[in-house]
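Everything numeric here is computed off the predicted structure, so don't read it as measured data.
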Amino acid sequence: MTRLVSFLLLALPTTTALRGQSQYHAAQSESQHRRRVMGRDMKMVKDDASSGAPVHPMEMPHNNHMMSSRRSNKGGMDDGDGSRSMSKSSSEKKRETTAPTLPPLSSVPVIATTPLPTSAPVAKTIAPSAAVPDIAPELQLAGIVQAVQSNSFTNNATGTLMSEDVAFYTTDLVTDKTQPPSVRATSWVLNEDPRNPAPSDPWLVLRYAIATLYFAFTGEEWTNQENWLTDDHVCGWHGVVCDRFNKKIIEIDLTGNNLAGSIPAEIGLLSDLRSIVLQRNKITGTIPSENFGSLPVLSILFLNDNQLSGDLVLLEPLRDNGVLSTMFIQQNNINGRWPRTFCPRSGQEPVFLGFGLDCTNMTRCLCCAADNCY
């Protein structure tokens with residue numbers, strides 16, 4: 001009995017070692033089996049990819065032996081030695097073993113398309129721009145005549161020269177230099193003005209007045225005639241300055257533009273003028289002091305370096321509006337006595353902020369300084 005116990009004690013380590021070796025060889029065999037399966041599956045994938053057959057993600061090979069140790073008991077049973085046998089449905093097995101087949105190209109329906117026309121495309125027609133409204137010239141003439149007769153200066157100067165017969169104003173009169181500037185301007189407005197303003201349009205009278213300046217000062221010979229007598233707004237004509245809203249003409253500046261002739265009475269129709277600058281030209285005649293004095297906001301007047309003539313005393317009405325503060329009339333043929341009203345009384349502010357005249361042609365000036373004489 002003692003010997004039997006000793007034998008068993010001696011044999012136990014050997015049996016344990018053999019069992020360990022057996023388990024080790026089984027694990028090695030299982031590992032080699034897994035590598036063979038993985039290599040075979042990857043080869044199948046490569047073969048499918050090289051053949052161009054699409055491989056669906058659900059059809060990628062799965063190593064059931066590798067996944068069995070990571071998955072839960074869901075879908076599998078433990079066989080007692082650490083491995084799992086996955087129970088798969090027939091649909092899953094079918095997806096793993098059967099590759100999807102694409103329909104042949106011949107069976108894909110072809111959508112019929114309409115061929116593009118080979119003929120030349122038809123040109124698009126552009127709608128013509130809105131035509132200038134057809135305004136009765138009789139109504140335009142009535143508006144001009146009314147404006148001229150309503151102003152005492154234009155009525156006295158040209159009112160009697162204007163005919164109220166629209167047939168009188170023909171296109172030929174526009175270029176006829178023997179006609180008065182007012183007649184030529186009226187003929188232009190009624191026959192050639194591209195804007196064709198309506199009788200109710202305030203610019204009808206303003207365009208007539210500005211056109212009169214053009215013909216009175218021989219506009220055809222001006223150095224710069226940009227936009228004059230065109231369809232542009234008057235505010236875009238050279239030398240015409242308007243307010244920021246283009247509602248009023250506030251300045252005429254035609255400095256050194258080869259103007260010749262006398263100042264027309266129609267300048268009095270530009271009642272919003274603040275500045276008149278006609279220096280360094282060839283303007284003749286006298287200064288229409290009463291007309292200028294009737295402009296309510298005229299404050300600046302430059303008429304120097306022209307060929308104007310007259311007596312200084314006749315300029316006194318220039319201050320009738322009470323706002324004229326700058327006046328330069330030197331380098332003309334104006335002589336006589338400087339009006340007393342142009343000089344401030346003792347203790348009063350100067351009448352003019354700046355003025356210039358030919359002192360050599362004056363007989364007397366109580367308030368003239370050296371810087372006023374030219």
Margin query: With heavy-atom distances below 4.5 Å as the criterion, would you say the side chains of Tyr208 and Val148 are in contact?
Written below: yes

Heavy-atom nearest pair, Leu173 first then Phe168, reads CD1-O, 3.2 Å

Scanning both residues in full, the closest heavy-atom pair of Pro344 with Pro350 reads CG-CA, 3.8 Å

Taken to the nearest 0.5 Å, the spacing of Lys248 NZ from Leu206 CG works out to 11.5 Å

Correct closest heavy-atom pair for Ser187 and Thr170 would be CB-O, 3.5 Å

- Query: Under 3.5 Å, side chain of Asn258 to main-chain N/O of Glu221, donor-acceptor pair present?
  - Reply: yes

| said: Check the SG atoms of Cys242 against those of Cys235: under 2.5 Å or not? | reply: yes

**OP:** List the steps and the verdict of disulfide bond (SG atoms under 2.5 Å apart) for Cys343 and Cys365.
**Re:** CA-CA 8 Å; Cys343 293; Cys365 181; 4.9 Å; no

*Sub-3.5 Å donor-acceptor pair from the side chain of Asn291 to the main-chain atoms of Ala265, do we have one?*
yes

Between the CD1 atom in Ile276 and the CG atom in Leu254, the distance rounded to the nearest 0.5 Å is 10.5 Å

Closest non-hydrogen contact found for Pro197 with Arg207 is CG-CD, 4.4 Å

Q) Trp203 and Ile144: same hydrophobic cluster, using ILVMFWY side-chain contacts below 4.5 Å? A) yes

Q. So do the side chains of Asp320 and Glu290 get within less than 4.5 Å of each other, counting heavy atoms only?
A. no

I'd like to know if the side chain of Asp358 and the backbone of Asn332 have a donor-acceptor N/O pair within less than 3.5 Å. yes

request  = Would you please test Leu318 and Leu301 for side chain to side chain contact (heavy atoms under 4.5 Å, CB included) and show each step?
outcome  = CA-CA 10 Å; Leu318 285 172; Leu301 183 62; 4.2 Å; yes

Query raised in the report: Is it true that Val241 and Ile267 fall in one hydrophobic cluster, defined by side-chain heavy atoms closer than 4.5 Å?
Result: no

Within one Ile-Leu-Val-Met-Phe-Trp-Tyr cluster: Met162 and Leu213, side-chain cutoff 4.5 Å: yes

Value for CG (Asn191) from OG1 (Thr171), rounded to nearest 0.5 Å, stands at 4.0 Å

Tell me if a side-chain donor or acceptor on Asn306 pairs with a main-chain N or O of Ile283 at a distance below 3.5 Å. yes

- Task: Taking atom types as modelled, find out whether Thr178 and Asp176 have a side-chain donor-acceptor pair closer than 3.5 angstrom.
- Result: yes

Min side-chain heavy-atom separation Gln140-Pro137 under 4.5 Å:
yes

So do the side chains of Ile334 and Leu357 get within less than 4.5 Å of each other, counting heavy atoms only?
-> no

request  = Could you walk me through whether Leu295 and Leu270 pass the side chain to side chain contact (heavy atoms under 4.5 Å, CB included) test, one step at a time?
outcome  = CA-CA 8 Å; Leu295 298 175; Leu270 305 175; 5.6 Å; no

Quick check against the 3.5 Å criterion: does Arg319 have a side-chain atom that pairs as donor or acceptor with the backbone of Leu324? yes

Next item on the list: Give a yes or no answer on whether the side chain of Trp338 reaches the backbone of Leu312 with a donor-acceptor pair at less than 3.5 Å.
Entry: no

Is it the case that the ring center of Phe217 lies less than 6.0 angstrom away from the ring center of Trp222?
no

*asked:* Looking at Gln307, I'd like to know if its CD atom is crowded, meaning that more than 12 non-hydrogen atoms belonging to other residues, nucleotides or ligands lie closer than 6.0 Å.
replied: yes

With a 4.5 Å heavy-atom cut-off, do Phe292 and Leu303 have their side chains touching? yes

- [ ] In sequence, state the C-alpha distance, the side-chain angles, and the governing distance for Asp272 and Ile249, and then conclude on side chain to side chain contact (heavy atoms under 4.5 Å, CB included).
- [x] CA-CA 6 Å; Asp272 295 307; Ile249 299 176; 5.9 Å; no

Query raised in the report: Is the side chain of Asn281 donor-acceptor paired with the backbone N or O of Gln279 at a distance under 3.5 Å, no angle test?
Result: yes

Output for pair (Asn333 CG, Thr284 OG1), nearest 0.5 Å, gives 10.5 Å

| task | Indicate yes or no: at least one non-hydrogen side-chain atom of Ile329 is less than 4.5 angstrom from one of Phe355. | result | no

Quiz item: Between Asp253 and Gly239, is there a donor-acceptor pair closer than 3.5 Å when you use the side chain of the first and the backbone of the second?
Solution: no

Are side-chain heavy atoms of Ile135 and Pro199 found at a separation under 4.5 Å?
yes

(message) Are there over 12 heavy-atom neighbours, none belonging to Glu349, within less than 6.0 Å of that residue's CD?
(response) no

Taking every heavy atom of Ser271 against every heavy atom of Val297, the minimum-distance pair comes out as O-CG2, 4.1 Å

From the list Leu269, Thr212, Thr154, side-chain contact (heavy atoms from CB on, under 4.5 Å) partner of Pro264 resolves to Thr212

Path from Tyr374 to Phe302 over hydrophobic side-chain contacts below 4.5 Å: yes

Value for CD1 (Ile250) from CG (Leu298), rounded to nearest 0.5 Å, stands at 12.0 Å

Please test Phe215 against Val174 for side chain to side chain contact (heavy atoms under 4.5 Å, CB included), starting from the C-alpha separation and ending with a verdict. CA-CA 9 Å; Phe215 293 117; Val174 178; 4.0 Å; yes

Main-chain N/O of Glu220 paired with Gln225 side-chain donor or acceptor, under 3.5 Å
yes

Minimal heavy-atom distance between Leu141 and Tyr169, with the atoms involved, is CD1-CE1, 3.7 Å

Determine whether a donor-acceptor pair (N or O, by modelled atom type, separation under 3.5 Å) exists between the side chain of Asp231 and the backbone of Pro194. no

* To do: Check the angle between the aromatic planes of Trp228 and Tyr214 and answer parallel, tilted or perpendicular using the 30° and 60° thresholds.
  => parallel

Rounded to the nearest 0.5 Å, the CG atom of Leu314 sits from the OG atom of Ser289 at a distance of 6.5 Å

| query | Under 4.5 Å between any side-chain heavy atoms of Ser294 and Phe153, yes or no? | reply | yes

Are Ile300 and Val351 connected in the hydrophobic side-chain network, where two residues link if heavy atoms are under 4.5 Å apart?
no

